[in-house]
Amino acid sequence: MMEEEELEFAEDLEAILHLTPEVQLAIEQVFPSQDPLDRADFNAVEYINTLFPTEQSLANIDDVVNKIRLKIRRLDDNIRTVVRGQTNVGQDGRQALAEAQVAIGQLFGKIKDIKDKAEKSEQMVKEITRDIKQLDHAKRHLTTSITTLNHLHMLAGGVDSLEAMTRKRQYGEVANLLQGVVNVLEHFHKYMGIPQIRQLSERVKAAQSELGTQILADFEEAFPAQGSKRAGGPSNVLRDACLVANVLDPRIKQEIIKKFIRQHLSEYMVLFQENQDVAWLDKIDRRYAWIKRQLVDYEEKYGRMFPEEWCMTERIAVEFCHITRYTHRHTHPVSSQALSGWMGSVAAQLFSGLSRDV
């Protein structure tokens with residue numbers, strides 16, 4: 001009867017302590033043990049038989065029972081310690097949670113302070129940037145104003161000097177000054193609505209017009225028209241006047257070139273007019289010799305007076321050919337092909353001979 005009760009008690013206990021294999025494996029990995037009591041397949045009968053394998057061994061049953069009771073007391077103590085420890089852990093956890101909440105609150109406050117300071121710093125940076133932009137605009141406007149005032153001072157002084165030098169015919173100084181005044185005046189095109197600026201612009205235009213008229217008159221006096229005796233000649237004044245003409249209206253330069261070439265070839269039109277024996281085409285050597293002398297004479301007397309880029313020698317030769325072609329077309333008709341061939345021959349001989357002489 002007693003054995004049946006023990007077996008029933010063992011079965012009930014086993015049912016209560018039955019764990020799943022996964023849980024049992026986890027416990028063995030965390031708390032490894034060689035004690036048979038900790039085995040999942042613990043069998044109480046086999047364990048008792050192990051303790052008392054023979055009847056003689058039952059004589060030590062009191063010692064075994066005392067050891068088991070001692071072990072039970074130790075286990076109870078351990079359980080109480082663990083339970084109490086769990087109780088303290090809960091209290092510590094609640095305290096740690098409260099402290100964490102306080103720390104989070106403090107951290108949130110610090111983050112809010114940092115955010116407020118960042119917003120203030122951003123606003124301050126915006127204000128500083130706005131001030132810097134305003135200062136930059138002010139600097140740009142101030143620089144523009146100073147530059148404009150300097151240009152205005154240069155323009156006003158340049159116009160006064162230009163008018164004085166024009167009256168004194170100081171063309172060498174006028175050539176450099178006029179170009180500078182014109183360049184400075186270009187900066188004031190958008191300010192022409194201002195009466196003072198418009199007045200300075202009109203004075204510059206008047207000075208340019210006066211210079212053009214004055215230079216043409218100087219060339220007319222130095223190189224009178226056909227039928228008059230050459231009164232003047234090359235001079236430094238006329239050379240500087242040519243430099244001024246480069247800055248003036250291009251029509252002034254064209255008028256100077258036109259009048260000078262006509263005056264220079266006026267003798268040719270008289271010597272080789274249609275009623276002269278030397279005007280015939282078979283006397284071409286006379287024409288060639290004449291124009292060659294004239295070009296050599298031009299290079300010696302006037303070569304330094306006119307700027308090189310005016311190409312005066314070439315212009316005289318071209319005009320000579322045009323005059324010759326025109327007069328022969330009306331007085332001694334020849335075929336266009338023969339006349340063109342003669343003109344090309346004259347031009348080639350003229351420039352090759354001139355280059356050798358020069």
TODO: Check whether any side-chain heavy atom of K205 lies under 4.5 Å from a side-chain heavy atom of E202, and answer yes or no.
DONE: no
Open item on the list: For A206, is there any backbone N or O sitting under 3.5 Å from a side-chain donor or acceptor partner on S209?
Closed with: no
- [ ] Measure the CH2-CZ distance between W290 and R293 for me, rounded to the nearest 0.5 Å.
- [x] 8.5 Å
Task: Close side-chain approach of Q294 to E267, heavy-atom, < 4.5 Å - done: yes
Open item on the list: So, taking the atom named NZ in K117 and the one named CE in M124, what distance separates them when rounded to the nearest 0.5 Å?
Closed with: 12.0 Å
Open item on the list: Using a 3.5 Å distance criterion without hydrogens, assess whether the side chain of T166 forms a donor-acceptor pair with backbone atoms of L162.
Closed with: yes
- [ ] Please list, chain by chain and in numerical order, all residues satisfying side chain to side chain contact (heavy atoms under 4.5 Å, CB included) with E99, sequence neighbours excluded.
- [x] Q95
Open item on the list: Going by the rule salt bridge (Lys or Arg N to Asp or Glu O under 4.0 Å), which residues pair with K133 if we only count those two or more places apart in sequence or in a different chain?
Closed with: none
Open item on the list: Just verifying a value: how many Å separate E163 CD and L211 CG, rounded to the nearest 0.5 Å?
Closed with: 10.0 Å
Open item on the list: Under the rule for ring pair (Phe, Tyr, Trp, His ring centres under 6.0 Å), what residues qualify as partners of F306, not counting sequence neighbours?
Closed with: F260, W310
Would you be so kind as to tabulate the donor-acceptor pairs closer than 3.5 Å made by side chains of residues 169-187, with sequence neighbours excluded?
{"residue": "R169", "atom": "NE", "partner": "D218", "partner atom": "OD1", "Å": "3.1"}
{"residue": "R169", "atom": "NE", "partner": "D218", "partner atom": "OD2", "Å": "3.2"}
{"residue": "R169", "atom": "NH2", "partner": "D218", "partner atom": "OD1", "Å": "3.2"}
{"residue": "Y171", "atom": "OH", "partner": "Q214", "partner atom": "NE2", "Å": "2.9"}
{"residue": "Y171", "atom": "OH", "partner": "D218", "partner atom": "OD2", "Å": "2.5"}
{"residue": "Q179", "atom": "NE2", "partner": "N183", "partner atom": "OD1", "Å": "3.1"}
{"residue": "N183", "atom": "ND2", "partner": "Q179", "partner atom": "O", "Å": "3.2"}

TODO: Any salt bridge (charged side-chain N to carboxylate O under 4.0 Å, His left out) involving residues 150-161? Give me the pairs, sequence neighbours left out, ordered by first then second residue.
DONE: D160-R203
For residues 193-200, tabulate all N or O donor-acceptor pairs below 3.5 Å that involve a side-chain atom, not counting sequence neighbours.
{"residue": "R198", "atom": "NH1", "partner": "M192", "partner atom": "O", "Å": "3.1"}
{"residue": "R198", "atom": "NH1", "partner": "G193", "partner atom": "O", "Å": "3.4"}

Open item on the list: In the structure I gave you, are the side-chain heavy atoms of N236 and R239 within less than 4.5 Å of one another anywhere?
Closed with: yes
Open item on the list: Can you give me the closest heavy-atom contact between A245 and I256, atom names plus distance?
Closed with: CB-CD1, 4.0 Å
Task: Distance, nearest 0.5 Å, that separates CD1 of I257 from CD of E319 - done: 11.5 Å
Contacts under 3.5 angstrom, residues 135-152 side chains, donor-acceptor by atom type, not counting sequence neighbours:
{"residue": "D136", "atom": "OD2", "partner": "R140", "partner atom": "NH2", "Å": "2.7"}
{"residue": "H137", "atom": "ND1", "partner": "R140", "partner atom": "NH1", "Å": "3.0"}
{"residue": "T143", "atom": "OG1", "partner": "K139", "partner atom": "O", "Å": "2.8"}
{"residue": "T144", "atom": "OG1", "partner": "R140", "partner atom": "O", "Å": "2.8"}
{"residue": "S145", "atom": "OG", "partner": "H141", "partner atom": "O", "Å": "2.7"}
{"residue": "T147", "atom": "OG1", "partner": "T143", "partner atom": "O", "Å": "2.8"}
{"residue": "T148", "atom": "OG1", "partner": "T144", "partner atom": "O", "Å": "2.7"}
{"residue": "N150", "atom": "ND2", "partner": "I146", "partner atom": "O", "Å": "3.3"}

Open item on the list: I'd like to check the salt bridge (Lys or Arg N to Asp or Glu O under 4.0 Å) partners of D113; sequence neighbours left out, ordered by chain and number.
Closed with: none
TODO: Kindly write out the residues that satisfy side-chain hydrogen bond (donor to acceptor under 3.5 Å, both in side chains) with D77, not counting sequence neighbours, or none if the list is empty.
DONE: R80
Open item on the list: Listing request: all salt bridge (charged side-chain N to carboxylate O under 4.0 Å, His left out) pairs with a residue in residues 123-132, at least two apart in sequence or in separate chains.
Closed with: E122-K126
- [ ] Would you mind reporting whether K292 and L295 have side-chain heavy atoms less than 4.5 Å apart?
- [x] no
TODO: Go through the steps for L248 and I215 under the test side-chain contact (heavy atoms from CB on, under 4.5 Å), then give the verdict.
DONE: CA-CA 11 Å; L248 296 175; I215 289 173; 4.1 Å; yes
- [ ] With sequence neighbours excluded, tell me which residues meet side chain to side chain contact (heavy atoms under 4.5 Å, CB included) with R251.
- [x] D249
Open item on the list: So, using salt bridge (Lys or Arg N to Asp or Glu O under 4.0 Å) as the criterion, who are the partners of E255 when residues are at least two apart?
Closed with: K259
TODO: Quick one: pull up OH in Y302 and CD1 in I316 and give me the separation to the nearest 0.5 Å.
DONE: 10.0 Å
